[in-house]
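Scroll down for the structure; my scribbles are underneath it.
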Amino acid sequence: MKRGRYSWVALSLSLASATAAAQTGDYAAFLRSVADRSPQAVAAERELAATVRGWRTGLAPDDPEAGIEYYFAGETRYEITVEQTFDFPTVYHQRNKISRLNISKAEREYGAARRAIMEAASDAYLELNYTAERVAILTQRRDDMRRAIGLYEAGLEAGEGSVLELRNAQMLLTGIENGLTLAETDRRAASARLAQLNGGTEVAPQGYPQFGFTGTQEEFVAAALAADYGLQAAAIDTLIAQRELKLSRHEWIPKLKVGYKTEVEGSRATSALLAGISVPLWQNSGRTRHARAIGEAAEAQHAATEAEARMRFNTLYTRYRSLMQALTDRQCDRSGEDYPDLLREAAAAGKITSIDALMGLEGWYAMRDSLMELEYEVARAAAAMALCLID
């Protein structure tokens, strides 16, 4: 019975050397394709179109005015007036500049929205791979533990072993089954999130993508800053503020007013041309100071956004390098690979009890779980760096 009792130890190792996963090819192309099919991207694109249309509206001169004044007198008498007001030409020039800058900002915000969709898709895809691996390993562990419990039960019927050994195995099985339930729930949730982002089409896990980063930390940070849509939008805000300040100064120039007037009295008509100015004495009061304050706020926000982005990119790079170094060290350490074999040999020789063998194997699996989690975190850190550079 002892020989059969410990045969499950070898079965539990069947996944240890079979966890190499297929790697995705062009990860950036995959994320772009998901974003292209995402309903969130469709909504962001339509929002961009509406925003662009809005900023192209209202740039024309004021609407013309026409009126008629009819006098109830002894004979027919009325006046017809047509008037048009114009801002000074430089005002229209500044407004058009501001419109183009706001459209450019809207395009950066759309790019940020697409990148956020790709980030969500990447997170879901990496989690899908991680949870799928956990489900596979935990399923194998559960099946092996069930076989071990079957052997313990058969041993008790034959008068061998103890109830304590059986209960120990049953408690370990319960823990494994709980972990499997949670892992399967997380896998389904990640798959559902990714499918929703992918336009309703499910994506099968194909392993973690491979990333290769060259260059120094400073080079990565500089490239990420140049590609950061949020920082670009903040920079455009400072340009808009500068234009708003110029516009506020030009709006102090009087408006021009021209028109045509006809007065009819009986059978006699008199025509006249109208010309005048509108002096902005009250309407623009304080507007220049307001525009200057907006400019100062925009510059401060740009500086804060750049400082936050620089810190974030430096942290990303440091985290990736630290995790990658830890993973490399772990992968180079082969000292624990023969631990299950040593457990099996010790148990077969009667040097340790079956409970010791079970607990030792659980510790080995905990080590494997930590390694798998480290691989997952390395993939997440690398993907976060790559996303900073995807357009």
Side-chain angles (χ1 to χ4, degrees), residues 1-22 129-187 205 207-208 323 325-379:
M1 185 62 199
K2 181 185 288 187
R3 185 171 186 178
R5 182 181 301 173
Y6 298 112
S7 62
W8 61 272
V9 178
L11 294 176
S12 300
L13 306 179
S14 58
L15 281 177
S17 60
T19 57
N129 279 272
Y130 173 63
T131 53
E133 287 186 5
R134 293 206 74 235
V135 166
I137 292 177
L138 288 170
T139 299
Q140 182 70 52
R141 291 172 64 184
R142 180 203 62 189
D143 295 343
D144 287 341
M145 189 60 69
R146 285 176 177 176
R147 283 191 288 269
I149 290 174
L151 293 173
Y152 280 125
E153 291 173 340
L156 285 175
E157 292 177 0
E160 300 180 11
S162 67
V163 176
L164 181 60
E165 291 178 332
L166 176 61
R167 294 292 182 266
N168 185 74
Q170 289 172 336
M171 287 190 297
L172 290 175
L173 175 62
T174 299
I176 293 171
E177 289 177 336
N178 291 341
L180 178 58
T181 299
L182 294 174
E184 179 61 27
T185 301
D186 291 341
R187 186 196 66 80
Y208 297 129
L323 291 174
Q325 184 60 53
L327 179 60
T328 301
D329 294 341
R330 289 285 301 277
Q331 289 173 336
C332 293
D333 182 9
R334 305 293 184 181
S335 59
E337 291 184 353
D338 60 346
Y339 185 69
D341 294 330
L342 295 175
L343 285 176
R344 185 181 64 250
E345 294 171 0
K351 296 180 180 179
I352 59 174
T353 65
S354 60
I355 294 179
D356 292 334
L358 281 172
M359 298 306 296
L361 192 60
E362 283 302 301
W364 183 79
Y365 268 118
M367 182 271 293
R368 292 288 302 172
D369 286 343
S370 67
L371 177 59
M372 188 166 56
E373 184 178 2
L374 181 58
E375 292 172 345
Y376 172 51
E377 292 299 331
V378 168

Report the distance from atom CG of Asp369 to atom CG of Leu138, rounding to the nearest 0.5 Å.
-> 6.5 Å
Rounded distance [0.5 Å steps], CD in Glu345 versus CD1 in Ile352 = 10.5 Å
Who passes salt bridge (charged side-chain N to carboxylate O under 4.0 Å, His left out) against Asp356, sequence neighbours left out?
-> none
OH-CE distance between Tyr365 and Met372, expressed to the nearest 0.5 angstrom = 10.5 Å
With a 4.5 Å limit on heavy-atom distance, are the side chains of Tyr130 and Glu373 in contact?
-> yes
Under a 4.5 Å cut-off applied to non-hydrogen side-chain atoms, are Leu358 and Glu362 in contact?
-> no
Drop me the distance from Glu377's CD to Ser370's OG, to the nearest 0.5 angstrom.
-> 12.0 Å
State, with a plain yes or no, whether a side-chain heavy atom of Arg187 is found less than 4.5 Å away from one of Arg134.
-> no
Test side chain to side chain contact (heavy atoms under 4.5 Å, CB included) applied to Arg330 and Glu375, step by step | CA-CA 10 Å; Arg330 289 285 301 277; Glu375 292 172 345; over 6 Å; no
Got a sec, which residues hit salt bridge (charged side-chain N to carboxylate O under 4.0 Å, His left out) with Arg146, two or more places apart in sequence or on another chain?
-> Glu177
Identify the heavy atoms of Leu180 and Val135 that sit nearest to each other, and give their distance.
-> CD1-O, 3.7 Å
Could you state the interatomic distance from CZ (Arg167) to CG (Leu173), rounded to the nearest 0.5 Å?
-> 12.5 Å
Donor-acceptor contact below 3.5 Å, side chain Asp186 vs main chain Thr131 | no
Asp329/Gln325 under side chain to side chain donor-acceptor pair (under 3.5 Å): CA gap, chis, key distance, verdict = CA-CA 6 Å; Asp329 294 341; Gln325 184 60 53; 3.0 Å; yes
Leu172: which of Arg142, Arg141, Met359 passes side chain to side chain contact (heavy atoms under 4.5 Å, CB included) = Met359
Closest non-hydrogen atom pair, Gly360 against Tyr339 | O-CE2, 3.2 Å
Side chains of Arg147 and Leu151: closer than 4.5 Å at any heavy-atom pair?
-> no
Distance in Å, Arg368 CZ paired with Leu361 CG, rounded so as to fall on 0.5 Å steps = 11.5 Å
